[in-house]
Amino acid sequence: MIDEIPKQYSPKDTEEKWYKFWEENNFFIAKPDPNKKPFTIVIPPPNVTGILHMGHALNNTIQDILIRYHRMKGEEALWMPGTDHAGIATQNVVEKSIAKEGLKRQDLGREKFIECVWQWKEQYGSTIIHQLKKLGASCDWPRLRFTMDDEYSKSVIEAFVLLYEKGLIYQGSYIINWCPRCQTALSDEEAAHQVLQGSLYYIKYPLKDVGQFKPANPRMPPLAAPRHTAAAREPANYIVVATTRPETMLGDTAVAVNPKDKRYKKFIGKTLILPLVNREIKIIADSMVDMKFGTGAVKVTPSHDPNDYCLGKKHNLEFINVMRPDARMNEAAGKYQGMDRFKAREVIIEDLKKQGLLQKIEPHELSAGHCYRCHTIIEPYLSKQWFVKMKPLAKPAIEVVKKGKIKFYPRRWTKVYLNWMENIQDWCISRQIWWGHRLPVYYCRNCISHMANSISQKDNKPLAISHKQENIIVSRTKPEKCPKCGSTDIYQDEDVLDTWFSSWLWPFATFGWPNQSSAASCQLSDKNNLKTENRKLKTDLDYFYPTSVLVTAPEIIFFWVARMIMAGLEFQKNIPFKDVYIHGTVRDAQGKKMSKSLGNSIDPLEIISEYGTDALRFSLISITAQGQDVFLSKDRFEQGRNFANKIWNASRFILMNLDIKEFPPKADQPTAENLVNRWILSRFYSSVGEVEKYLNNYQFNEAANTLYSFFWHEFCDWYLELVKPVLVNRVQSTEYRNTQVVMYKVLEKFLRVIHPFMPFITEEIWQGLSLRTCELANLRTSIMIQPWPHIQNEIIDKKTEADMAEVFEVITTIRNMRRELDILSQTQNIAVKIFVSNKNTKLLLESNSACIKNLARLEGLIIAEEYRQSSGEFVNILKGMHLVIPLKGVIDIEKQREKIEDKIHKAQTDIKAKKAMLVNKDFIKRAPEKIVEGEKEKLNALSGEIEKLKGVKNGLK
RNA sequence: GGGCUCAUAGCUCAGUUGGUUAGAGCGUUGCGUUGACAUCGCAAAGGCCAGAGGUUCAAAUCCUCUUGGGCCCACCA
C-alpha cells in the first residue's frame, strides 16, 4: 500500500488537476449573500502586456492567502480580477510589433491601429491571466474586467463628465512633462526622476547698452564675479548665466536676478543681447531666483521650464517654443532647426566657444525626469492639455486617512501618503496617443473657425491659459449638433485619457458603476414594484463596496492608491477600501530591483516548474517581513520545496498507519488522556491562534513561519516520533485509538490552516485522506471550502505544554550526553539513571519513561529519588536532576571536571546578576510582581543547581 | 533641501505595544542507511543585536547624535 504513494511530492501531477477542479465547481465564485459578511479584494489589474514576474507572484500570493483564509472563515470572499489597458505601454508594444513589418502607426491610421491593438490584446492579453491561474489565484474569473471594456469605458466617461460639470476638469496650456519618443504628455508621477551626471554651462550674455561685445579679450573679467573687487571696477559688459540645458537658450526671453542681490541691482531693467539669436531681452528681478546657485543670474525660457513659465506669466514675457514634439529644434531655432536637442546642445556650445561667450563648463549632478515607459529624458514642454483640479479631491481623502478610516500597513506609509496629498499638484490627464479612452470632449468646427478669427493660436506664439471653454462640448455621447450654433460639423478631441484615469475607478467601476449604483437599483425596484424581500437584495456594488483590503507595492501609492481613495470618496461618497497593505519590492540578491531590462529577474514560472507553485508561494511569503523588501535568490525556493515534501511524507506516514476501520473518527474532540496527544492538540490550537492573529495584522511571514515550525519541529520531529511505537505496534488500546484520532485530526486541520499558503498540495493530500477514510469519496467537495478550524480554547493548556517541554529537555540532554561520550550510535546500547527530588517531575518522567527511552534510544531507564555518587559514571545536571550514564570503560575525569567547572562558572555569573537585580529596591518596587517572582524562582533554581554541580565535581575521582 | 528605511550568527534575514537563556533558513562541524521523508534525522559551533550618549527597575526593542548602505519626494537654472 505504501508503494501507492510516491516518496516525493510531485507538483506537476497535481496542480493543473486541482485548479481545473476548483474552477469547474465554481468554488471561486462569490455572490451577495445577506447572511454572510463580505470580504472583497480587487486585484491591482496587471497590464495586458504583462508577463508574470516575482512582484506579481508576491502580490497575488498575498491576496490569494487573504481570500482563501476569509473564504474558509465563512465570509463571502470575492477576489475581483481584471487587466489594465496600459495605454502607453501597450501602444509601444504593438508599435514595436508592426515595426517589424516596417510600419508606423501613422501608416495604418488611427482606426486601423486601434484594431491592431485589440487583435494583439485578444491574442496575448490573457497571458498574465493564465499565469495567475498557475499561481493558484482563486479569483472570481467570470467577473474578469478590462479597463477598455464597454461598460468600464462608460464609467470612465461618466467620471470625466461629472468632474467637468463640477468644474474640476479644465483645459489649459502649461509646461508639462513631454516624452519626445512616445510623443505625449505625461503626469508628474509618470516622469521618474533619475540622477544624471551632467554639466553646468556658464554663458555670457552681453549687455546692449555697453556697446559691442569684444570677444577678442578672453581675459576680460566677468561682470558677475564680484568676489574679486578689482574685477567689479572693470567696465561691465556682460552677465553670466548658468544652465544645464544650453539648447533652450534659443527660447530665452529674459534673464532674472534676485532683487536683493547687490551684484546685480544696478542691472535690473537693462537689456541684454541674447547670443546666437541676437534678440534683445530684459533683466528682470524676482525673489524666486536663488542667489547662491550658479552666478545668481538665471536665463528665463518660459516655454521650456516650469519655473521660467511662472516667471514668464508673472512678468509678461514672450513665450518662444524652440522645439518640435520629437525634441528636434524647430524653425524658431534658426540655424539649429532640425537638430536633435542634444546635438543642438553640442553645436551651440561650440558656437558660443568660438564667440568667446562660454565662460566655463562645470560638472554638475542633476536629476532629470525620464519617461516611465521608455526611459527617454523628459522635455518640459509648453502645450495645451487637460487637467484635474486635485486640491478639492484631496481634502476628504486626507481626512479619511487621518481619521483612521483607511489604515496603511505598515503604518509608515501613512506619512508618505499624507505628505504627497498635502502637496498635490493638478493632474495632467490627456495623452497624445491612440490607445485609450478618448476624451468625451467635442468641438464644433463652425464655432472654432469663428474663434480662430479673433484669436490666433500658433505653436510659437504665447499661449494664454484657456479658461474660455465655451467652445468645448463635454458629453457622455457624441452630440448630434452644436448646442450653440446648431452645426452638425462636430468632431471629438483626439487625445485619450491617462491610463490611471481609468484605474482610479477600479474598486467600483468593476461592479458596473454607474449602472449598478445603489440609487439606480432602488429606483428600479420601486418602478417594478418588487416585493420588499427583493428590495433587500443588494447590488454587487452595494454588497462588495467598500472593499476590505488593497494589496499593492509602494511604487503605486501615488499613481493608484491615493487616486482611488479620491475617486471613491468623490463618486461613491465612501472609501474604496479599509486597509492598504503595502508589501516590499522584490529585489535580487544584490539589492537591485528585479526587472526584465536588468536581466536579473527570476522567472516565477521557472520556479513553479522546478519547485512547484506551493514551494514558490511558501518561500516568497516566509521571507516577506512586513513591508520590507524581498531579496531573492533561487535557492530560497528549496525551503518551500522541502517543506512541501515534508508535509507530503508526514501525510504519507499517517495514511500508512491509519486504521481505516476506525474511520471516519467518531469523536470530533478526541478524549486525549495521554499527555502526548493532549500536548499536540494544545500546540496545534495555540498555533492556529497565532496564525489568525498574524494574518489579521498582515504579518504573513510570521504566520507562515509559525505553521512551518509547528508542523516540522513539533508535529513531525516530536509528535510523530513519540507516537510511532503506538502506531506501528497496532495494539488495539484506548491509547492507540486516541492517537489515531488525534493524529488524523491534527493533520486534517493543519492542512486546512496551511491551505491558503499552499493550496495545491493540501488539496491533493486532503482528497487522498478523504478517499481513504471513505468520508467524502463521492462528494464534489474541496479543502478550499472547508471551514477554518475553530479554536478550542479549552484544549489549549499551558501546563501540558510546559510538562512536555520538560520531557523534551530531558531527552535532548541525554542525546547531548551521548554525543559528548561519543556513543551516539544506536548500536551502543546504554542505560540511564535519572535522579529527581521533585515529586511532580518524577511522576512526569515516570509516566513518560517509554517516550524518553524511545527517543533517547536507551536500553534501560531508571528514575530514582536520591542521588549517590559513584565512580565510573558520567553525570550531568539539568534543573536539579542528576542524569547519569554508568560506564564500564574508562572515563576522562579531567574532561568531565572541566565541563562541570564551566557550568558552575556560568551559573555563578547568572546568580550574581540575579542577586544584584533582586537587591535593587527600585526593581522590587517598580517591576511587575510576576517578573520579580520569576527572577526569584530562577535564582533559587540556580542555587540548587550550583550545589548539585559542586557535589558532582567533588565526587569526581 | 525634506522624508522614509536598514545595520542582529559565516551568508540572507525574523524579532509590533521595553521583561526568562536573542530565533529561522542556508552554510559549517560531528554522528546517524532507526518502521514517512537524505528534498531526512540527532547534536554542536557561531552574536558586547553598527558606534556613542540618554530615558527606565529593565533597552536589540524607546529618544538623540555619529558612521555607513538603500529608497522616495522637491520648481538644485
Side-chain angles (χ1 to χ4, degrees), chain A residues 2 5 7-9 175 193 200 241-245 248 256 288-290 292-295 297-301 305-310 364-367 380 410-413 415-416 419-420 423 425 554-555 557-558 585 587 589 591 593 611 615 619 622-623 625-633 635-636 638-639 641-657 697 699 701-702 705 708-709 716-717 720-721 724-725 727-729 812 815-816 818-820 822-826 854-855 857 910 917 920-928 930-932 934-935 937-938:
Chain A
I2 306 167
I5 309 168
K7 277 187 170 189
Q8 278 172 19
Y9 168 59
I175 298 278
H193 281 75
L200 195 55
V241 298
T243 180
T244 54
R245 295 187 298 149
T248 62
M288 235 173 103
V289 179
D290 180 0
K292 280 175 265 157
F293 190 90
T295 61
V298 56
K299 62 193 264 317
V300 183
T301 324
D305 184 276
N307 283 325
D308 295 6
Y309 174 84
C310 292
H364 182 72
E365 205 173 68
L366 70 149
S367 94
R411 220 174 330 190
R412 69 185 132 92
W413 295 108
K415 235 175 148 178
V416 175
N419 184 49
W420 187 75
N423 296 296
Q425 302 294 316
E555 297 96 272
I557 291 178
F558 307 142
T585 308
R587 298 173 186 283
K593 190 174 163 180
Y611 298 97
S619 287
S622 70
I623 56 178
Q626 206 187 27
Q628 231 41 62
D629 286 352
V630 176
F631 293 80
L632 262 192
S633 58
D635 52 9
R636 287 296 188 134
E638 280 174 23
Q639 190 194 359
R641 178 202 57 185
N642 293 355
F643 187 41
N645 205 53
K646 190 72 182 176
I647 297 174
W648 180 257
N649 276 298
S651 307
R652 179 172 177 260
F653 172 76
I654 289 167
L655 272 171
M656 276 162 49
N657 286 288
N697 286 306
Q699 292 169 267
N701 63 325
E702 296 291 344
N705 293 338
Y708 179 92
S709 88
C716 291
D717 287 351
L720 288 184
E721 292 305 323
K724 234 174 213 176
L727 293 174
V728 173
N729 294 338
T812 304
R815 284 168 174 172
N816 192 352
R818 293 186 72 128
R819 176 190 139 90
E820 281 175 39
D822 216 13
I823 46 171
L824 265 167
S825 169
Q826 56 145 4
N854 182 30
L855 291 194
R857 256 173 278 132
D910 288 352
M917 212 174 181
N920 188 333
K921 277 180 208 143
D922 286 328
F923 174 69
I924 306 288
K925 209 164 73 189
R926 300 192 192 186
K930 219 174 120 188
I931 302 288
V932 178
E935 290 302 321
E937 271 171 37
K938 266 179 266 168

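All values below come from the heavy atoms of this structure, side chains included, with hydrogens, waters and symmetry mates left out. Throughout, a chain's letter reflects where its sequence line sits, starting with A, and its residues are numbered from 1.
- Rounded to the nearest Å, the gap between the C1' atom of B:U17 and that of B:U29 is 41 Å.
- Residues A:Glu702 and A:Asn697 are not in side-chain contact: their nearest non-hydrogen atoms beyond the backbone lie 4.5 Å or more apart.
- Distance A:Lys925 NZ to B:A58 P: 13 Å, rounded to the nearest Å.
- To the nearest whole angstrom, the two C1' atoms, one in B:G23 and one in B:C49, are 12 Å apart.
- A:Phe923 places a side-chain heavy atom less than 4.5 Å from the side chain of A:Ile931.
- Between B:U64 and B:C71, the two C1' atoms lie 23 Å apart (nearest whole Å).
- Residue A:Asn645 contributes atom CG, which lies 11 Å from atom P of B:G41 at whole-angstrom precision.
- In this structure, A:Asn729 and A:Met288 both approach RNA chain B, and ranking their closest nucleotides by distance from the 5' end singles out A:Asn729.
- Of the candidate nucleotides B:C4, B:A77, B:A36, B:A36 has the atom nearest to the side chain of A:Leu720.
- Side-chain contact check for A:Asp910 versus A:Lys938: every heavy-atom pair is 4.5 Å or farther apart.
- Between B:G3 and A:Lys415, no contact under 4.0 Å exists linking OP1 or OP2 to a side-chain N or O.
- Here the closest heavy-atom approach between residue A:Thr244 and residue A:His364 is recorded as CG2-CD2, 3.7 Å.
- The separation between A:Leu655 atom CG and B:C37 atom P is 14 Å, rounded to whole Å.
- Note on A:Arg412: every side-chain N or O is 4.0 Å or more away from OP1 and OP2 of B:C4.
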Check: protein-nucleotides 18-27 of chain B nitrogen or oxygen pairs below 3.5 Å:
unit_1 : atom_1 : unit_2   : atom_2 : d
B:U21  : OP1    : A:Lys914 : NZ     : 3.0
B:G25  : OP1    : A:His713 : NE2    : 3.3

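- Summarising the geometry, the separation between CZ on A:Arg818 and C1' on B:C42 is reported as 10 Å, rounded to the nearest angstrom.
- Looking at heavy-atom distances under 4.0 Å, A:Tyr611 makes no contact with the nucleic acid at all.
- Of the possible donor and acceptor atoms, one in the side chain of A:Asn645 sits under 3.5 Å from a partner among the backbone N and O of A:Tyr9.
- No engagement by A:Lys921 is indicated, since no non-hydrogen atom pair under 4.0 Å with the nucleic acid exists.
- Evaluation of atom-type donor-acceptor distances gives no pair under 3.5 Å for the side chain of A:Gln8 against the base of B:A38.
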Requested in this report: Whenever both distances are under 3.5 Å in a Watson-Crick or G-U wobble pair, mark it; put RNA chain B into dot-bracket that way, with [ ] for crossing pairs and | when the partner is on another strand.
Outcome: (((((((..((((.....[...)))).(((((.......))))).....(((((..]....))))))))))))....
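- One C1' atom belongs to B:G69, the other to B:A50, and the distance between them is 12 Å to the nearest Å.
- Among the atoms of the strands shown, none is found under 4.0 Å from any heavy atom of A:Val416.
- For the pair A:Lys724/A:Asn657, no side-chain contact is recorded, criterion being any heavy-atom separation below 4.5 Å from C-beta on.
- Looking at heavy atoms from C-beta onward, A:Ile5 lies in side-chain contact with A:Leu655 at the 4.5 angstrom threshold.
- Side chain of A:Asn649 to backbone of A:Gln8: no donor-acceptor contact under 3.5 angstrom is found.
- Contact check, A:Asn649 against B:C40: no side-chain N or O comes under 4.0 Å of OP1 or OP2.
- The minimum heavy-atom distance between A:Ile175 and A:Pro380, with the atom names listed, is CG2-CB, 3.7 Å.
- Taking atom C1' on both B:G27 and B:G10, the two are 7 Å apart, rounded to the nearest angstrom.
- A 4.5 Å side-chain heavy-atom check between A:Ile557 and A:Trp420 finds every atom pair outside the cut-off.
- The backbone N or O of A:His193 lies less than 3.5 Å from no partner atom in the side chain of A:Ser367, so there is not a single donor-acceptor pair.
- Remark: the backbone N or O of A:Arg857 is paired with a side-chain donor or acceptor of A:Arg818 at under 3.5 angstrom.
- The same atom, P, is picked in B:A52 and in B:C13; the two are 24 Å apart, to the nearest Å.
- A donor and an acceptor atom sit less than 3.5 Å apart, one in the side chain of A:Lys724 and one in the base of B:A36.
- Nucleotides B:U20 and B:A59 are separated by 15 Å at their C1' atoms, to the nearest Å.
- With rounding to whole Å, A:Asn423 atom CG is found 11 Å from B:G3 atom C1'.
- Following rounding to the nearest Å, A:Arg857 (CZ) and B:G32 (C1') show an atom-to-atom distance of 7 Å.
- Within the nucleic acid shown, A:Lys646 comes within 4.0 Å of at least one base atom, counting heavy atoms only.
- Rounding to whole angstrom units, CD1 of residue A:Ile623 and P of B:C11 are separated by 18 Å.
- Atom P of nucleotide B:C37 and atom CE of A:Met656 are separated by 7 Å, given to the nearest angstrom.
- A distance of about 45 Å separates the C1' atoms of B:C4 and B:C42, rounded to the whole Å.
- Within 4.0 Å of A:Thr812, counting heavy atoms only, lie sugar-phosphate atoms of the nucleic acid but no base atom.
- A:Val289 comes within 4.0 angstrom of a nucleotide base, judged by non-hydrogen atoms across all strands.
- Proximity note for A:Arg652 (side chain, C-beta onward) versus B:G3, B:A36, B:A43: the nearest is B:A36.
- Mapping A:Lys299 and A:Arg641 onto RNA chain B via the closest heavy atom, the residue that lands nearer the 5' end is A:Arg641.
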